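Notes follow the structure.
Bear in mind that the values here come from a model prediction, so they are computed numbers and not experimental data.
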Amino acid sequence: MNPMKRVYILLLLALALVLSGCQGRSLKDIKVTSARIVSIVPEGLTDLSALVEVGVHNPSVALEITDMIGMARFEDMDMLSVSADQLLVEGRSDKLYQVPLKGHIEEGFNPFRLLRLLGTESSLDDITVSFKARVALRGGIGKNIEMEDIPLSNLLNLAEQHEEVQL
């Protein structure tokens with residue numbers, strides 16, 4: 001048998017073995033297990049930096065999350081836009097990731113409206129969060145994800161409620 005043909009057959013067998021090993025691990029099994037705001041630091045009157053800790057259960061291969069942008073809304077009015085740099089999620093892991101965010105209070109939003117949250121009649125359900133990102137394998141193939149109008153209280157209480165957000 002031709003040596004090149006043997007190498008070709010061995011590569012095909014190796015590829016089949018790798019693909020069969022990945023068969024039970026789907027990207028749909030990746031879950032966000034917790035989320036918490038670690039810190040928020042004002043930068044001037046309209047900008048801020050924040051650090052968010054996110055728990056991720058990833059039974060699949062390593063991923064990179066890029067082009068992360070988000071919007072927080074208070075009583076259906078745009079309140080805060082945020083963005084983040086690339087996040088590398090390790091494969092086959094349950095891990096907490098700290099994600100630095102840069103934010104900007106939207107024009108026309110009065111930050112003093114947030115003082116209503118200190119009252120007894122309001123809750124974090126008045127604040128909703130939407131975000132978009134690109135999730136890709138470390139080689140480039142991936143897909144855009146988008147989640148809209150998630151109550152902030154649901155995100156911050158994931159661990160307590162034993163809820164999981166699927167990617």
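- At a threshold of 4.5 Å between non-hydrogen side-chain atoms, the residues V56 and Y97 count as touching.
- Note that CD of E53 and CG of L96 are 4.5 Å apart. Values are rounded to the nearest 0.5 Å.
- With rounding to the nearest 0.5 Å, the separation of CG in L87 from OG1 in T66 is 10.0 Å.
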Next on the checklist: side-chain contact (heavy atoms from CB on, under 4.5 Å), that's the test. Do I69 and F131 meet it? Break it down for me.
Outcome noted: CA-CA 6 Å; I69 58 171; F131 67 90; over 6 Å; no
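- Taking both residues in full, the closest heavy atoms of A84 and P100 are given as CB-O, 3.6 Å, listed atom of the first, atom of the second, then distance.
- Looking at S93, its side chain never comes within 3.5 Å of a backbone N or O of N58 through a donor-acceptor pair.
- The line from CD of E107 to OG of S81 is 11.5 Å long, rounded to the nearest 0.5 Å.
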Next on the checklist: One pair to check against side-chain contact (heavy atoms from CB on, under 4.5 Å): L63 and L88. What are the steps and the verdict?
Outcome noted: CA-CA 6 Å; L63 304 168; L88 300 175; over 6 Å; no
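- Taken to the nearest 0.5 Å, the CE atom of M71 stands 8.5 Å off from the OG atom of S130.
- The cluster map of Ile, Leu, Val, Met, Phe, Trp and Tyr, joined by side-chain heavy atoms under 4.5 Å apart, puts I141 and V89 in the same cluster.
- Proximity of D67 to Q86: side-chain heavy atoms (C-beta onward) are nowhere separated by under 4.5 Å.
- Note that CG of D29 is 5.0 Å distant from NZ of K31, once rounded to the nearest 0.5 Å.
- V38 and M68 sit in two unconnected hydrophobic clusters of ILVMFWY residues. Membership requires side-chain heavy atoms under 4.5 Å apart, directly or through other members.
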Checklist entry - Run the side-chain contact (heavy atoms from CB on, under 4.5 Å) check on V32 and V54 step by step: do they pass? => result CA-CA 7 Å; V32 175; V54 179; 3.8 Å; yes
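- Put simply, CG on D149 and CG on D76 are 7.5 Å apart, with the number rounded to the nearest 0.5 Å.
- In summary, R73 and D78 engage in a salt bridge, as defined by a charged side-chain N under 4.0 Å from a carboxylate O.
- In this structure the side chain of V52 never reaches within 4.5 angstrom of the side chain of V82, judged on heavy atoms.
- Side-chain contact check for M77 versus M79: every heavy-atom pair is 4.5 Å or farther apart.
- A 4.5 Å side-chain heavy-atom check between S83 and L101 finds every atom pair outside the cut-off.
- L48 is not connected to L51 by any chain of hydrophobic side-chain contacts under 4.5 Å among Ile, Leu, Val, Met, Phe, Trp and Tyr, and they are in different clusters.
- Heavy atoms from other residues, nucleotides or ligands lying under 6.0 Å from CG of D85 number 12 at most.
- In this structure the side chain of I150 never reaches within 4.5 angstrom of the side chain of T128, judged on heavy atoms.
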Next on the checklist: Between R92 and V61, is the side-chain contact (heavy atoms from CB on, under 4.5 Å) condition met? List the steps.
Outcome noted: CA-CA 6 Å; R92 296 171 193 78; V61 296; 4.2 Å; yes
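- Closest non-hydrogen pair, L80 versus E106, comes out as N-CG, 4.0 Å.
- The shortest side-chain heavy-atom distance between S49 and E43 falls under the 4.5 Å cut-off.
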